[in-house]
J.: 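Quick one: structure below, then a few questions.
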2 protein chains.
Amino acid sequence: MPPYDPSAFPPFAVTVDLVVLTVRHHALCALAIRRGEPPYQGRWALPGGFVRVDEDLGDAAARELAEETGLRAQNGAHLEQLATYGDPHRDPRMRVVSVAHLVLAPDLPAPRAGGDARSARWAPVTELLHDGAALAFDHARILADGVERARSKIEYSSLATAFCPPEFTVGELRRVYEAVWGVALDPRNFHRKVTGTPGFLVPTGGTTTRQGGRPAQLFRAGGAALLNPPMLRPEV
Amino acid sequence: MPPYDPSAFPPFAVTVDLVVLTVRHHALCALAIRRGEPPYQGRWALPGGFVRVDEDLGDAAARELAEETGLRAQNGAHLEQLATYGDPHRDPRMRVVSVAHLVLAPDLPAPRAGGDARSARWAPVTELLHDGAALAFDHARILADGVERARSKIEYSSLATAFCPPEFTVGELRRVYEAVWGVALDPRNFHRKVTGTPGFLVPTGGTTTRQGGRPAQLFRAGGAALLNPPMLRPEV
DNA sequence: TCAAAAGTGTTAAATGTACACCCATGG
DNA sequence: CCATGGGTGTACATTTAACACTTTTGA
């Protein structure tokens with residue numbers, strides 16, 4: 001790396017953007033914020049903000065997440081770095097490099113953006129990625145990358161449990177997979193598969209009938225991060 | 001995203017670092033550059049440099065790759081973004097955010113760094129990640145992340161062919177998998193598997209005896225990016 | 001009593017694994 | 001001739017996929 005010559009390499013602004021995903025009403029949804037000022041005033045965008053001088057990237061993402069949603073990354077939600085976007089013209093005001101992060105959260109929280117519920121909402125990703133939605137900046141691309149990451153990662157990791165409350169049933173977990181992948185899964189084979197994968201689920205002993213029908217066992221996420229064997233996504 | 005207030009958010013330097021991997025002598029190797037100046041003078045580091053004002057991140061990575069190795073990303077080599085590292089103290093001089101990229105290249109090229117071969121070399125990753133090696137900055141962590149990405153990605157994508165010359169044999173491809181994963185694979189089952197995976201390999205019609213023994217068919221990489229079924233890495 | 005969701009059993013097909021065996025070359 | 005790597009056949013174990021069937025609740 002050559003010595004730093006500020007005149008040859010003007011500085012950049014560095015931001016974090018968040019793809020916050022959850023499953024609501026059997027649909028994969030993302031958190032969107034309505035922009036109150038130019039550019040892209042009035043358009044929907046991903047939550048995000050500037051990284052502070054003394055702050056690591058992951059810390060900045062966690063801080064923005066707490067500020068915009070009240071969610072704590074500790075508390076069930078999963079936070080990981082997604083990718084970095086640095087097209088010279090992605091922001092018309094200046095040169096901004098944005099480190100996008102992916103958050104997977106349970107359905108519980110109601111969005112709040114500075115206390116103004118009208119300017120933040122959960123929207124189905126199909127809607128946000130539709131041609132007419134026209135998210136601000138390159139946020140459609142970032143959202144699409146985040147959704148793709150989530151779709152592939154629940155296949156070989158235990159991350160699908162991050163979409164569930166602390167205690168959940170096999171059926172609830174199955175509906176997460178169905179919503180994220182957009183397919184129907186055989187409930188009987190799914191049950192055998194997840195309960196047979198070591199470290200994925202641990203029974204809490206309790207049961208619930210909140211989904212109707214016969215009482216279902218309650219589970220919480222086991223320690224395993226990687227699933228072996230993986231969940232198989234039905235082919236396209 | 002709030003308005004940009006430069007006094008509140010001092011600027012960052014943005015760099016790209018490169019994890020350039022190849023397979024030489026049955027070992028997974030990475031390109032290392034010896035630092036000629038402080039900090040970490042005399043220590044080995046990953047190649048990299050500052051992103052220019054009007055340059056996208058991928059373009060900066062491709063440019064650095066060409067400058068430091070003569071490799072063109074077009075020509076067989078594979079280039080993808082890896083991850084971004086932004087710890088406030090990762091560079092003692094100033095706040096630097098580095099967007100690491102991963103390059104997979106065939107064995108052919110001899111390293112050259114500004115024409116000085118003594119200051120650039122291919123080193124086995126086991127050696128570079130050994131405690132005594134002490135790569136500069138956080139480059140050991142970046143290299144480890146790149147190796148892990150390569151190990152998992154050749155499992156479900158056709159990327160292993162990026163380590164091979166334009167035409168290669170099944171045995172040569174197998175030795176790539178063995179070097180990257182550090183395991184021995186059954187040559188017979190491997191042959192059936194790769195030739196049976198649609199879109200992975202297309203025969204060129206030629207044969208070669210460069211590995212000795214019976215002449216082997218030559219193949220080139222097929223169009224498929226994702227392997228279905230995936231190659232299975234033998235369990236640990 | 002019925003609908004709904006949970007959970008178990010069973011079977012056929014597909015896939016993975018181990019290894020015996022033959023093939024075609026260079027030395 | 002023989003060592004070396006290339007390639008095919010085959011048998012067995014494991015996994016997947018489809019679906020019949022039983023269980024336990026609330027309405």
Side-chain angles (χ1 to χ4, degrees), chain A residues 23 25-26 155-156 164-165 167-179 181 183-198 200-220 226-236, chain B residues 23 25-26 154-156 164-165 167-179 181 183-220 226-236:
Chain A
V23 173
H25 315 305
H26 292 195
E155 206 163 348
Y156 59 88
C164 296
E167 294 200 351
F168 52 89
T169 69
V170 171
E172 288 162 352
L173 182 62
R174 176 170 49 81
R175 281 180 276 277
V176 164
Y177 276 92
E178 292 179 331
W181 284 345
V183 297
L185 299 174
D186 185 305
R188 297 146 313 176
N189 292 335
F190 182 88
H191 186 281
R192 231 191 315 266
K193 180 105 188 185
V194 295
T195 55
T197 298
F200 195 4
L201 302 182
V202 296
T204 65
T207 62
T208 182
T209 58
R210 62 186 176 224
Q211 300 289 342
R214 167 177 168 180
Q217 279 184 269
L218 284 167
F219 296 85
R220 55 181 178 76
L226 260 38
L227 300 185
N228 202 296
M231 302 298 299
L232 287 185
R233 167 156 46 162
E235 52 209 76
V236 197
Chain B
V23 174
H25 314 307
H26 293 193
I154 63 173
E155 208 163 345
Y156 59 89
C164 297
E167 295 201 349
F168 54 89
T169 70
V170 171
E172 288 162 352
L173 182 63
R174 176 171 48 82
R175 281 179 277 278
V176 164
Y177 275 92
E178 291 179 330
W181 284 345
V183 296
L185 300 174
D186 185 306
R188 297 148 309 179
N189 292 334
F190 182 88
H191 186 282
R192 230 192 315 266
K193 181 105 188 184
V194 295
T195 55
T197 298
F200 195 4
L201 303 181
V202 297
T204 66
T207 62
T208 181
T209 59
R210 64 188 175 221
Q211 300 288 344
R214 169 176 168 180
Q217 278 184 269
L218 284 168
F219 296 85
R220 55 183 178 75
L226 261 39
L227 300 186
N228 202 299
M231 303 296 301
L232 287 185
R233 168 155 45 162
E235 51 208 77
V236 198

J.: Determine which pairs satisfy salt bridge (charged side-chain N to carboxylate O under 4.0 Å, His left out) with at least one residue from residues 193-207 of chain B, sequence neighbours left out, and list them in order.
T.: none
J.: Grab the CG-C1' distance between A:Leu218 and C:dA5 for me, whole Å please.
T.: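 In whole Å, C:dA5 C1' lies 14 Å from A:Leu218 CG.
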J.: For B:Tyr156, check ring-ring contact (aromatic ring centres under 6.0 Å, His included) against everything at least two apart and list the hits.
T.: none
J.: Using a cut-off of 4.0 Å between protein heavy atoms and nucleotide atoms, how would you tag nucleotides 17-23 of chain C 5' to 3' with B, S and -?
T.: BBBBB-B
J.: Do you know the tightest heavy-atom contact between A:Phe190 and A:Val170?
T.: CE2-O, 3.6 Å
J.: Could you state the CG-P distance from A:Leu173 to C:dA5, rounded to the nearest angstrom?
T.: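 Whole-Å distance recorded here is 17 Å.
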J.: Expressed as a whole number of angstroms, how long is the span from A:His191:NE2 to C:dT10:P?
T.: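 These atoms are roughly 17 Å apart.
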J.: Just the rounded figure in Å: distance from P of C:dG16 to CZ of B:Phe190.
T.: 14 Å
J.: Within the side chain of A:Glu178, is there an N or O that forms a donor-acceptor pair under 3.5 Å with the backbone of A:Leu185?
T.: yes
J.: First and last nucleotide of DNA chain D in contact with chain B, 5' to 3', at under 4.0 Å to a heavy atom: what are they?
T.: D:dT4 to D:dT10
J.: Side chains of A:Val194 and A:Met231: does their closest heavy-atom pair fall under 4.5 Å?
T.: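 When only atoms from C-beta onward are counted, A:Met231 and A:Val194 do touch, with a gap below 4.5 Å.
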J.: Which atoms form the tightest heavy-atom contact between B:Thr169 and B:Ala216, and what is the distance?
T.: CG2-CB, 3.8 Å
J.: For DNA chain D, determine which residues of residues 206-213 of chain A have any heavy atom closer than 4.0 angstrom to one of its atoms, and list them numerically.
T.: A:Gly213
J.: I need the minimum non-hydrogen distance between B:Gln217 and B:Pro203, along with the two atoms involved.
T.: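 Smallest heavy-atom distance, with atoms named: NE2-CB, 3.9 Å.
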J.: Are any of the side-chain heavy atoms of A:Leu218 and A:Thr207 separated by less than 4.5 Å?
T.: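 They are not in contact (no side-chain heavy atoms under 4.5 Å apart), so the answer is no.
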J.: Among B:Thr204, B:Leu173, B:Thr195, which residue satisfies the side chain to side chain contact (heavy atoms under 4.5 Å, CB included) criterion with B:Phe219?
T.: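 Testing each of B:Thr204, B:Leu173, B:Thr195 against B:Phe219, the sole residue satisfying side chain to side chain contact (heavy atoms under 4.5 Å, CB included) is B:Thr195.
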J.: Excluding sequence neighbours, so at least two apart, what forms side-chain hydrogen bond (donor to acceptor under 3.5 Å, both in side chains) with B:Glu172?
T.: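 Partners of B:Glu172 by the side-chain hydrogen bond (donor to acceptor under 3.5 Å, both in side chains) criterion, ordered by chain and then number, come out as B:Arg210, B:Gln211.
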